[in-house]
**Q** 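The structure that follows is given in the form of structure tokens.
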2 protein chains.
Amino acid sequence: MPKIVNHDERMKQIAEAMWRVILDKGMEGATVRNIAEEAGLSLGALRHYFKNQDDLLVYAMTLVRERATERIEAVAQQNMLPKDMIMAVILEIVPINEESLAEMEVWFAFMAHVKHRKHELDVPDDGIFVGAHKLIAYLNASGLLKEGLDLDMEAERLYAIIDGIAMHALFDSERLQPERVKKTLRYHINSICVD
Amino acid sequence: MPKIVNHDERMKQIAEAMWRVILDKGMEGATVRNIAEEAGLSLGALRHYFKNQDDLLVYAMTLVRERATERIEAVAQQNMLPKDMIMAVILEIVPINEESLAEMEVWFAFMAHVKHRKHELDVPDDGIFVGAHKLIAYLNASGLLKEGLDLDMEAERLYAIIDGIAMHALFDSERLQPERVKKTLRYHINSICVD
DNA sequence: AATTTAACAATACAACTGTGCTAAATAAAA
DNA sequence: TTTTATTTAGCACAGTTGTATTGTTAAATT
């Protein structure tokens, strides 16, 4: 087969081009033409890889999720102190740098766009809910949690805080800068952990 | 037939029609034609009240914010126990019924849509940040806050929890139902208050 | 009574949309 | 080299978009 780049690689390049377009022009600017141009391809070429726009949309979303999951798992496999690991994992979700800020914006744009079409599109879940539960369970297993806490409630609360801060960091990045994000997260973790 | 309703009333009707369209079809379905049809008006009529789409967008956003603010202020003026009032105020923001769920969805759609156009559009702030600070300050003034809390951090955390839960209630309303929303919020408030 | 203005409706239009189709170019296999 | 499959480009198409223009009617003002 003609393999300057392989098929999957091209699909990823197109998906990444879509991210860039969304970052630059928002979801309303994410037309097949704009994406093709950003990817340096013709309309026909793009259509060769994705038979319609929804296919590309779902693929691009799934790829965002995969990339984030990979980063988190890489962090989780490092050998760190439990409280440090929790922080490190959360900081892979919450946008604190250019890359994760872009990722978050793309994900948000996707979610808002896809909200009223969940039934017709196979939209991936972000997995943060189960992640929050795992983090709380891990803290508990490490014996770091304070006495008398409700684990289920703590997971729900952590889940809300993660996405809340992520959202604020995205929409009000000037006010909620990386240092303040970290400070707030550390404050919360300390509030539920023994010293 | 002019003057059946006055000018401002018509503008509100059109904005409300826009909300309904967004709820039904999402932001991508919020075209001037769909909005006009939903409002029972012609394109020309709509254009008589809003000279372009951005004007309508900003007006509709502002109206969402105003309505919510009014509801919250009405609650705040009731004579309640501080902790109950805090809960009541937050429950006016977080979507727990059809109306506030719709409001939140519209607001979210707006935010996602105007994200990359903030500079050219005069989009209103939701005011929840200052609201969260006020709530914490009120709890503190009432002597209900636990010792040794960082007020600024508590406000930031409450702000994140409110918007995080709001977001989850919106996108995962099946799992995060009203009772669980209330339970989580009560859990958090109790965790920062003396018994 | 005459004039102006507010409140619409109808239509036109250029730009842009996703998608389908055809044909050419390219590379691999024979 | 020939054959075959993959990749790419270009364009047509029908539909939708926001907006501009023009026309009509009735109320308000003079």
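Letters A, B, ... mirror the listed sequences (proteins, then strands); counts begin at 1.
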**Q** What pairs with B/Asp84 under salt bridge (Lys or Arg N to Asp or Glu O under 4.0 Å), at least two apart in sequence or on another chain?
**A** none

**Q** Which protein N or O atoms sit under 3.5 Å from an N or O of nucleotides 17-23 of chain C?
**A**
from   : atom 1 : to      : atom 2 : distance (Å)
C/dG18 : OP1    : A/Val32 : N      : 3.4
C/dG18 : OP1    : A/Gln53 : OE1    : 3.3
C/dG18 : OP1    : A/Gln53 : NE2    : 2.4
C/dG18 : OP2    : A/Val32 : N      : 3.1
C/dG18 : N7     : A/Arg33 : NH1    : 2.7
C/dG18 : O6     : A/Arg33 : NH2    : 2.9
C/dT19 : OP2    : A/Gln53 : N      : 2.8
C/dG20 : OP2    : A/Arg47 : NH2    : 2.5
C/dG20 : N7     : A/Arg47 : NE     : 3.2

**Q** Can I get a per-line list of side-chain donor-acceptor pairs under 3.5 Å for residues 68-81 of chain A, giving both atom names and the distance, sequence neighbours left out?
**A**
from    : atom 1 : to       : atom 2 : distance (Å)
A/Thr69 : OG1    : A/Arg65  : O      : 2.7
A/Arg71 : NE     : A/Glu92  : OE1    : 2.6
A/Arg71 : NH1    : A/Glu103 : OE1    : 3.4
A/Arg71 : NH1    : A/Glu103 : OE2    : 2.9
A/Arg71 : NH2    : A/Glu92  : O      : 2.7
A/Arg71 : NH2    : A/Glu103 : OE1    : 3.2

**Q** Quick one: side chain to side chain contact (heavy atoms under 4.5 Å, CB included) partners of B/Asn97, sequence neighbours excluded?
**A** B/Glu99, B/Ser100

**Q** Quick one: A/Leu46 CG to D/dT6 P, roughly how many Å, whole number?
**A** 19 Å

**Q** Between B/Tyr159 and A/His168, is there a donor-acceptor pair closer than 3.5 Å when you use the side chain of the first and the backbone of the second?
**A** no

**Q** Under 3.5 Å, side-chain donor or acceptor atoms of residues 27-47 of chain B against the rest of the protein: list the pairs with distances, not counting sequence neighbours.
**A**
from    : atom 1 : to       : atom 2 : distance (Å)
B/Glu28 : OE1    : A/His113 : ND1    : 3.4
B/Glu28 : OE1    : A/His113 : NE2    : 3.2
B/Thr31 : OG1    : B/Asn34  : N      : 3.1
B/Thr31 : OG1    : B/Asn34  : ND2    : 3.4
B/Asn34 : ND2    : B/Gly29  : O      : 2.7
B/Glu38 : OE2    : B/Arg20  : NH1    : 2.5
B/Ser42 : OG     : B/Gly44  : N      : 3.4
B/Ser42 : OG     : B/Ala45  : N      : 3.1
B/Arg47 : NH1    : B/Lys51  : O      : 2.3

**Q** Specify the separation, in whole Å, of atom CD1 of A/Ile35 and atom C1' of D/dT8.
**A** 18 Å

**Q** OP1 or OP2 of D/dT6 sitting under 4.0 Å from any side-chain N/O of A/Tyr49?
**A** no

**Q** Does a side-chain N or O from A/His48 land closer than 4.0 Å to OP1 or OP2 of D/dT8, or not?
**A** no

**Q** Which residues satisfy the salt bridge (Lys or Arg N to Asp or Glu O under 4.0 Å) test with B/Arg117, sequence neighbours excluded?
**A** B/Asp54, B/Glu120

**Q** Could you tell me how far apart B/Met11 (CE) and C/dA7 (P) are, to the nearest whole angstrom?
**A** 11 Å

**Q** Nearest-Å distance, CD (A/Gln13) to P (D/dT8)?
**A** 10 Å

**Q** May I ask you to evaluate whether B/His7 reaches the phosphate of C/dA7, defined as a side-chain N or O under 4.0 Å from OP1 or OP2?
**A** yes

